[in-house]
Amino acid sequence: MDEEFGKSEAALVAARRESLAALRSRGRDPFAQTRFSVDATAAELNARYGFLEIGQHAETENWNVAGRVMSIRTAGKTMFVDLHDRTGRLQLYVRKDELGETFADWEDLDRGDVVGVSGFMFRSKKGDLTLHVKSFAVLSKSLMPLPDKWHGLQDVEKRYRQRYVDLIVNAGVRDTMILRSKIVSEMRRFIDAQGFYECETPTLLHVAGGASARPFLTSVNALSGEEMQLRIATELNLKRLIVGGLERVYEIGRIFRNEGIDTTHNPEFTMLELYAAYWDVHDMMDFNEALINDLVQVVTGGAEELLVGEQTISFARPFRRVAYLDAMRDGSGGKYTREQLLDPSGAAKIVEELGLPKSPTHGHALDKIFERLVEPALVQPTFVTDYPVIISPLAKRKAGDPELVDRYELFCNRMEISNAFTELNDPDDQRGRFEAQARERAAGDEEVPQPDWDFVRALEYGMPPTAGIGIGVDRLVMLLTNNVSIRDVLLFPLQRQHG
RNA sequence: GCGCCUUUAGCUCAGUCGGUAGAGCAGCGGACUUUUAAUCCGUUGGUCCCGGGUUCGAGUCCCGGAGGGCGCACCA
């Protein structure tokens with residue numbers, strides 16, 4: 001029969017189909033309707049029976065556990081099986097003299113099959129807590145061969161394209177994704193405790209604004225094919241809700257930017273944006289510090305330090321603070337002054353001196369200079385404050401220093417983690433800045449968003465003084481889970497269609 | 001978009017100077033009533049990413065292409 005398949009993967013699948021047929025012939029259809037009542041997880045049983053000594057049994061207590069068979073070790077008329085569920089591993093022990101004819105069903109199980117087992121706990125001779133199986137059900141059949149039991153799945157391409165296989169065999173990936181879920185849920189808990197409303201704003205917009213990025217384009221059949229864009233930020237709609245009087249709002253949502261893909265960028269990513277009426281940028285800094293500190297403690301079980309790569313990063317409060325222009329000055333050994341940096345031709349000259357590619361705009365030049373001179377040193381959490389207004393079109397000017405705004409970015413491990421400011425609520429100033437953007441766009445810079453004039457109208461109704469923040473959730477998770485690529489914290493990172 | 005690296009059995013990987021494809025695991029058959037990368041004996045399994053070229057002969061060298069990774073560019 002095997003000859004009919006010829007190819008080795010097909011032969012492996014054929015062998016599994018044969019054991020499927022064998023199970024069915026004995027009335028054990030893995031795909032039949034079966035309701036198996038699970039009453040314990042691997043982790044629960046391992047914790048609960050930690051007291052058992054070698055050879056000791058807890059025969060009077062019966063447990064029902066379900067999971068995937070990940071290793072089968074036969075020893076004559078007994079078997080040891082590793083069962084994996086979402087909480088971890090549990091060893092099973094099976095004896096032919098107890099199961100009789102149904103022992104044959106165990107012999108037809110393959111690595112990867114899903115079973116439900118009932119039995120009692122004991123500690124084996126080698127000291128492993130083990131479930132002694134009294135009865136069982138085959139709950140699903142795995143027809144595909146699994147990767148190497150020891151090396152797991154290493155092929156990066158296959159790991160991303162077939163994440164389900166990666167999750168089955170690579171425990172670290174599962175741990176990271178579960179930790180991500182815990183981080184996001186703790187984020188919600190922390191925010192909700194301060195009276196914020198979680199809001200859902202549209203993903204499909206006529207004008208994607210609130211950031212500078214190329215949007216994805218689509219069209220709506222029900223509106224005669226009207227052109228629409230996927231959002232590049234949630235900012236403008238959340239601020240409309242502040243105008244509407246909700247006062248404390250946030251959204252943890254998917255953002256889409258039609259730009260490059262690399263270790264810190266995926267075209268769709270998750271952003272937390274949060275707005276609080278009657279807060280200013282300093283309130284937001286306190287909030288930000290407390291939130292990050294809390295998340296670090298949740299991840300570490302109470303510590304305020306994280307090992308990221310080779311570095312230990314301390315999240316003890318307060319975080320370091322440095323003003324944007326001061327950081328540039330210090331990063332250049334005192335050479336580059338505020339006057340030079342805030343002058344478009346002065347900044348262009350610095351770009352040239354540093355050997356950076358020529359920048360199309362003053363704002364772009366400042367970013368490049370900052371990236372070169374300051375960012376590499378921002379390993380410990382640092383608030384960079386007092387950004388120039390020219391790179392902050394939605395932030396309020398500093399009192400007494402209108403070239404700067406009340407804004408900060410939080411950097412950690414050389415990555416931007418959050419961006420926050422006191423929101424611009426003067427509609428005339430906002431209109432002026434949008435008009436300036438419209439001119440840049442007309443001059444050919446496609447990254448600059450189209451102005452959202454209705455947003456100006458909303459401000460004309462009166463927005464309370466407000467502070468807002470955006471936090472890149474994926475990058476924060478990278479930091480908290482010690483991963484260097486955004487793909488390793490995304491379940492399904494974008495990949496080119498199969499070639 | 002550019003540069004570098006990479007692609008060999010289901011998985012993890014070797015493959016020398018260009019000489020006709022290897023291992024471990026998994027699978028299959030067998031032994032074993034406390035194993036845990038179980039062990040022991042036997043054994044199946046290949047579009048060497050794709051397409052050209054050079055050569056008596058290409059997994060190996062050359063050209064083109066595809067997928068993936070990293071870096072650069074882009075990403076306030």
Side-chain angles (χ1 to χ4, degrees), chain A residues 1-3 5-16 18-19 54-55 70-82 89 91-98 103 110-112 122-130 132 143-161 165 169 210-214 232-233 257-267 269 324 356-357 359-368 370-371 387-395 407 409 416 419 437 440 445-449 470 484-485 487 493 495-499:
Chain A
M1 173 153 184
D2 282 1
E3 287 79 4
F5 292 92
K7 302 289 177 282
S8 55
E9 186 183 34
L12 294 172
V13 172
R16 283 163 178 261
E18 280 175 29
S19 54
I54 286 174
M70 291 303 291
S71 170
I72 300 173
R73 297 177 292 282
T74 62
K77 296 173 179 60
T78 67
M79 259 179 169
F80 286 89
V81 172
D82 286 346
R89 165 190 174 271
Q91 180 168 260
L92 309 178
Y93 177 56
V94 184
R95 294 177 65 94
K96 188 173 189 177
D97 60 3
E98 290 176 355
F103 191 76
D110 291 300
R111 181 160 175 266
F122 74 103
R123 193 179 288 280
S124 74
K125 274 184 185 167
K126 295 288 170 67
D128 210 356
L129 277 176
T130 305
H132 187 127
L143 296 172
M144 294 294 284
L146 285 179
D148 195 281
K149 66 179 172 184
W150 184 243
H151 301 95
L153 184 62
Q154 301 296 324
D155 183 315
V156 181
E157 182 180 353
K158 192 163 276 193
R159 286 186 46 223
Y160 296 149
R161 289 194 192 277
V165 179
V169 298
S212 180
R214 275 168 225 257
I232 57 175
R257 297 186 181 174
N258 204 345
E259 280 160 358
I261 302 176
D262 61 32
T263 45
T264 53
H265 297 84
N266 193 67
F269 63 101
Y324 183 82
L356 295 166
S359 285
T361 63
H362 186 193
H364 187 267
L366 288 177
D367 281 330
K368 292 295 138 191
F370 184 86
E371 271 172 35
Y387 277 69
V389 67
I390 46 166
I391 53 175
S392 314
L394 299 164
R407 171 183 172 193
E409 286 194 3
E416 180 197 332
N419 177 22
Q437 285 192 330
E440 280 182 48
D445 191 346
E446 285 179 48
E447 301 280 335
V448 177
V484 294
S485 171
R487 297 184 196 97
Q495 296 279 294
R496 198 180 288 272
Q497 194 156 30
H498 259 299

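Lettering of chains follows the sequences in order, A, B, ..., and the numbering in each one begins at 1.
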By nearest atom, which of the nucleotides [options] is closest to the [X] side chain?
{"X": "A:Lys77", "options": "B:rU33, B:rU34, B:rC13", "answer": "B:rU33"}
{"X": "A:Ser71", "options": "B:rU36, B:rA76, B:rA38", "answer": "B:rA38"}
{"X": "A:Asp155", "options": "B:rA76, B:rU36, B:rU12", "answer": "B:rU12"}
{"X": "A:Ala15", "options": "B:rC28, B:rA76, B:rU33", "answer": "B:rC28"}
{"X": "A:Asp110", "options": "B:rA73, B:rU36, B:rC28", "answer": "B:rC28"}
{"X": "A:Asp262", "options": "B:rA73, B:rU36, B:rG69", "answer": "B:rA73"}
{"X": "A:Phe80", "options": "B:rG68, B:rU34, B:rG10", "answer": "B:rU34"}
{"X": "A:Glu157", "options": "B:rU33, B:rG27, B:rG67", "answer": "B:rG67"}

Quiz item: Just checking, is any N or O donor in the side chain of A:Arg73 or A:Gln91 under 3.5 Å from an acceptor N or O on the other one?
Solution: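 Distance-only check passes for A:Arg73 and A:Gln91.
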
Exercise. Begin from the C-alpha positions of A:Asp128 and A:Arg89 and carry the test salt bridge (charged side-chain N to carboxylate O under 4.0 Å, His left out) through to its verdict.
Key: CA-CA 11 Å; A:Asp128 210 356; A:Arg89 165 190 174 271; 2.9 Å; yes

Distance test, side-chain N/O of [X] to OP1/OP2 of [N], below 4.0 Å:
{"X": "A:Thr263", "N": "B:rG71", "value": "yes"}
{"X": "A:Arg73", "N": "B:rU35", "value": "no"}
{"X": "A:Arg487", "N": "B:rC70", "value": "yes"}
{"X": "A:Lys158", "N": "B:rG67", "value": "no"}
{"X": "A:Arg496", "N": "B:rG67", "value": "yes"}
{"X": "A:Lys149", "N": "B:rA26", "value": "yes"}

[X] near the nucleic acid: base, sugar-phosphate alone, or nothing, with a heavy-atom cut-off under 4.0 Å?
{"X": "A:Tyr160", "value": "sugar-phosphate"}
{"X": "A:Gly55", "value": "nothing"}
{"X": "A:Thr264", "value": "nothing"}
{"X": "A:Phe122", "value": "base"}
{"X": "A:Gly363", "value": "nothing"}
{"X": "A:Asp97", "value": "base"}

Quiz item: Under the 3.5 angstrom rule, does the side chain of A:Arg257 hit a backbone N or O of A:Ile232 as a donor-acceptor pair?
Solution: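 Yes; judged by distance alone, with no hydrogens or angles, the pair exists.
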
Can you confirm whether [X] sits close enough to [Y] that some side-chain heavy atom of one is under 4.5 Å from a side-chain heavy atom of the other?
{"X": "A:Met79", "Y": "A:Lys96", "value": "no"}
{"X": "A:Glu416", "Y": "A:Thr264", "value": "no"}
{"X": "A:Val13", "Y": "A:Pro145", "value": "yes"}
{"X": "A:Thr361", "Y": "A:Val448", "value": "no"}
{"X": "A:Arg16", "Y": "A:Arg111", "value": "yes"}
{"X": "A:Arg407", "Y": "A:Ile391", "value": "yes"}
{"X": "A:Gln154", "Y": "A:Asp148", "value": "no"}

Self-check item: Earlier contact from the 5' end, RNA chain B, for A:Gln437 and A:Thr130
Solution: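 Checking each residue's closest nucleotide, the 5'-ward one belongs to A:Thr130.
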
Quiz item: Of A:Ser19 and A:Pro393, whose closest RNA chain B nucleotide lies nearer the 5' terminus?
Solution: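 Whichever sits nearer the 5' end wins; that is A:Ser19.
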
Length of the [atom1]-[atom2] vector between [X] and [N], whole Å:
{"X": "A:Glu259", "N": "B:rA73", "atom1": "CD", "atom2": "P", "value": "15 Å"}
{"X": "A:Ile261", "N": "B:rG1", "atom1": "CD1", "atom2": "P", "value": "11 Å"}
{"X": "A:His364", "N": "B:rA76", "atom1": "NE2", "atom2": "P", "value": "9 Å"}
{"X": "A:Arg161", "N": "B:rG69", "atom1": "CZ", "atom2": "P", "value": "8 Å"}
{"X": "A:Arg16", "N": "B:rG10", "atom1": "CZ", "atom2": "C1'", "value": "9 Å"}
{"X": "A:Trp150", "N": "B:rA38", "atom1": "CH2", "atom2": "P", "value": "9 Å"}
{"X": "A:Asp82", "N": "B:rU36", "atom1": "CG", "atom2": "P", "value": "11 Å"}
{"X": "A:Gln154", "N": "B:rA26", "atom1": "CD", "atom2": "C1'", "value": "16 Å"}

Between the protein and nucleotides 48-51 of chain B, which nitrogen or oxygen pairs are less than 3.5 angstrom apart?
none

Exercise. Give RNA chain B the dot-bracket treatment, 5' to 3': Watson-Crick (N1-N3 with N6-O4 or O6-N4) or G-U (N1-O2, O6-N3) under 3.5 Å, [ ] crossing, | other strand.
Key: (((((((..((((.....[..)))).(((((.......))))).....(((((..]....))))))))))))....

Would you kindly check whether a donor in the side chain of [X] faces an acceptor in the base of [N], or vice versa, at under 3.5 angstrom?
{"X": "A:Arg89", "N": "B:rU36", "result": "yes"}
{"X": "A:Gln91", "N": "B:rU35", "result": "yes"}
{"X": "A:Asp148", "N": "B:rG10", "result": "no"}
{"X": "A:Thr78", "N": "B:rU34", "result": "no"}

Practice problem: Can you sort out the partners of A:Tyr387 under ring-ring contact (aromatic ring centres under 6.0 Å, His included), two or more places apart, ordered by chain and number? | Solution: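 So A:Tyr387 forms a ring-ring contact (aromatic ring centres under 6.0 Å, His included) with A:Tyr324.
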
Practice problem: Please measure how far the P atom in B:rU7 lies from the corresponding atom in B:rC61, and state the result in whole Å. | Solution: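 It comes out at 11 Å once rounded to the nearest Å.
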
Quiz prompt | Whole-angstrom distance between B:rG19 and B:rG57, as gauged at atom P | solution =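 Straight-line distance between the two P atoms is 14 Å.
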
Quiz item: Roughly how far, to the nearest 0.5 Å, is the CE atom of A:Met144 from the CG atom of A:Leu12?
Solution: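 Spacing of CG (A:Leu12) from CE (A:Met144) equals 9.5 Å.
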
